[in-house]
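Take a look at the structure below.
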Amino acid sequence: VRTLTGHSGAVLSVAFSRDGTRIVSGSDNGLVRIWDAETGTKVLTLRGHSVSVCAVAFSEDGRRIVSGSADELVKIWDAETGA
């Protein structure tokens, strides 16, 4: 069992990339985090939501991440850069 730590609030959504190499998580502090699935290392922290991130997912090709939040916004992020 591997435990990923780094969120300061409840984790509300988690998803693996299609190839299984990365994990994305969203929490009630408004942050989206990308993790290396093998090592558990935090790769990126995505900031842009003002409240809870309720849903996260990788695109089919793994190049983008979508997040949905209680701030009534859906954001599409570049999975490599966070832009």
Side-chain angles (χ1 to χ4, degrees):
V1 173
R2 175 158 307 185
T3 302
L4 309 179
T5 60
H7 282 292
S8 61
V11 177
L12 304 176
S13 184
V14 178
F16 270 98
S17 61
R18 185 175 174 98
D19 64 6
T21 62
R22 292 176 293 161
I23 297 168
V24 62
S25 58
S27 77
D28 70 357
N29 64 2
L31 297 179
V32 175
R33 299 214 172 178
I34 303 172
W35 311 84
D36 181 291
E38 181 68 28
T39 66
T41 304
K42 188 174 19 176
V43 177
L44 281 173
T45 299
L46 310 178
R47 292 174 172 83
H49 288 293
S50 59
V51 294
S52 300
V53 177
C54 306
V56 292
F58 279 95
S59 62
E60 182 111 356
D61 62 8
R63 294 176 45 204
R64 290 165 292 167
I65 290 169
V66 63
S67 59
S69 171
D71 61 10
E72 302 178 359
L73 298 175
V74 173
K75 293 189 175 274
I76 301 171
W77 314 82
D78 183 292
E80 293 298 319
T81 67

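Predicted model, so just to flag it, every value in this text is computed and none were measured.
- A search for side-chain hydrogen bond (donor to acceptor under 3.5 Å, both in side chains) contacts involving T21 returns D19, not counting sequence neighbours.
- Within the 4.5 Å cutoff, no side-chain heavy atoms of I34 are placed close to those of I23.
- Put simply, CZ on R63 and CG on D78 are 8.0 Å apart, with the number rounded to the nearest 0.5 Å.
- Distance check, rounded to the nearest 0.5 Å: CG of L31 to OG of S69 gives 10.5 Å.
- Under a 4.5 Å side-chain heavy-atom criterion applied to ILVMFWY residues, the cluster that includes V74 comprises V66, I76 as well.
- A search for side-chain hydrogen bond (donor to acceptor under 3.5 Å, both in side chains) contacts involving D61 returns S59, not counting sequence neighbours.
- In this structure, the salt bridge (charged side-chain N to carboxylate O under 4.0 Å, His left out) partners of R18, at least two apart in sequence or on a different chain, are E60.
- With sequence neighbours excluded, the residues that form a salt bridge (charged side-chain N to carboxylate O under 4.0 Å, His left out) with R22 are E80.
- Evaluation of the salt bridge (charged side-chain N to carboxylate O under 4.0 Å, His left out) rule for E72 yields no partner, not counting sequence neighbours.
- If you chain together hydrophobic residues whose side chains sit under 4.5 Å apart, L12 and V53 never meet in one group.
- Between the CZ atom of R33 and the CG atom of L4 there is a distance of 11.0 Å, given to the nearest 0.5 Å.
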Carefully, step by step, assess H49 and L73 under the rule side-chain contact (heavy atoms from CB on, under 4.5 Å).
CA-CA 8 Å; H49 288 293; L73 298 175; 4.2 Å; yes

Would V43 and W35 satisfy side-chain contact (heavy atoms from CB on, under 4.5 Å), going step by step from the backbone distance to the final call?
CA-CA 5 Å; V43 177; W35 311 84; 5.6 Å; no

